[in-house]
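Below you'll find the structure, written out as structure tokens, and then a few comments.
We count ligands from 1, going down the list as the structure has it; atoms in each ligand are counted the same way.
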Amino acid sequence: MSTPRIGYGYDVHRLTKDRPLLLGGVEIPFEFGLAGHSDADVLLHALMDALLGAAALGDIGYLFPDSDAGYKGISSRILLRKVAAEVEENGFSVGNVDVTLVAQRPKIAPYIWQMRGNIAVDLNVSIDKVSVKATTEEGMGFTGSGEGMAAHAVAMLFQ
Ligand code: MG
């Protein structure tokens, strides 16, 4: 019998000028992008930490240290595929994942299907196992002011 394992991930990145905005592997037209060592895809970062958490395999800061120049500017989809491989090699399969982006702007509804597709491909699961949602914090806090974006994720694995 397979044993279910749950994991949770959370990430924050600061918004800045002169960076592309990548969320769920989709480049979204916006006047700001997210600052970070990699492509700063906050949504995929939270997801990776949820997957690693469920497998008790550490976190992305441990696997992909930002002191490593090899990860500078790297696509988070490449990192997500590495995490998926790590999870699989350790005897886990993905049940489902659910990610919530917290951002005041822009509207991401038009891009959600593409994000789900990207994640499904990278995790090698069907798209119905991948949920991506978005919410605002009603203008409050650092996401409300547009200082940054946050993402929360949960992942269910089976061992
Ligand atoms: Mg991050």
Side-chain angles (χ1 to χ4, degrees), residues 5-88 90 92 94 96-108 111-112 114-125 130-137 140-157:
R5 308 255 309 196
I6 193 167
Y8 169 76
Y10 174 68
D11 196 29
V12 167
H13 280 263
R14 188 179 290 277
L15 281 159
T16 182
K17 286 271 186 200
D18 305 320
R19 288 266 299 185
L21 177 61
L22 275 139
L23 293 170
V26 180
E27 189 167 340
I28 296 174
F30 191 47
E31 66 257 47
F32 301 99
L34 292 168
H37 186 69
S38 66
D39 66 1
D41 190 326
V42 67
L43 193 154
L44 295 187
H45 290 189
L47 174 60
M48 287 188 272
D49 267 357
L51 291 161
L52 292 168
L57 288 171
D59 59 36
I60 54 171
Y62 173 74
L63 255 69
F64 314 117
D66 63 9
S67 55
D68 187 333
Y71 297 122
K72 187 164 169 52
I74 196 169
S75 164
S76 293
R77 290 193 64 191
I78 293 173
L79 304 181
L80 179 58
R81 282 178 224 139
K82 287 179 190 281
V83 166
E86 190 77 15
V87 161
E88 192 186 334
N90 280 273
F92 299 96
V94 177
N96 71 299
V97 299
D98 183 21
V99 190
T100 299
L101 177 77
V102 187
Q104 193 66 33
R105 291 187 308 135
K107 288 275 176 252
I108 69 148
Y111 309 102
I112 283 193
Q114 200 183 340
M115 293 178 189
R116 290 177 64 199
N118 286 346
I119 293 166
V121 166
D122 294 342
L123 298 183
N124 195 25
V125 299
V130 178
S131 166
V132 175
K133 316 189 298 300
T135 188
T136 74
E137 288 181 310
M140 296 180 287
F142 70 83
T143 71
S145 68
E147 192 178 352
M149 291 184 177
H152 302 260
V154 289
M156 177 74 80
L157 301 181

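No other N/O/S atom of H45 lies as close to the Mg ion (ligand 1) as ND1 does.
Among all heavy-atom pairs drawn from A150 and T143, the shortest one is N-CG2, 4.1 Å.
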- Kindly indicate, with the supporting measurements, whether the criterion side chain to side chain donor-acceptor pair (under 3.5 Å) is fulfilled by H45 and D11. CA-CA 6 Å; H45 290 189; D11 196 29; 3.2 Å; yes

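Atom OH of Y111 and atom CD of E27 lie 10.5 Å apart (nearest 0.5 Å).
Not a single N, O or S atom of D41, from either the backbone or the side chain, sits less than 2.8 Å from the Mg ion (ligand 1).
Ring-plane geometry between Y8 and H152 is classed as tilted, the angle between the planes lying from 30 to 60 degrees on a 0 to 90 degree scale.
Geometry note: the Mg ion (ligand 1) is the vertex, D11 OD2 and H13 NE2 are the arms, and the angle is 90° (rounded to 10 degrees).
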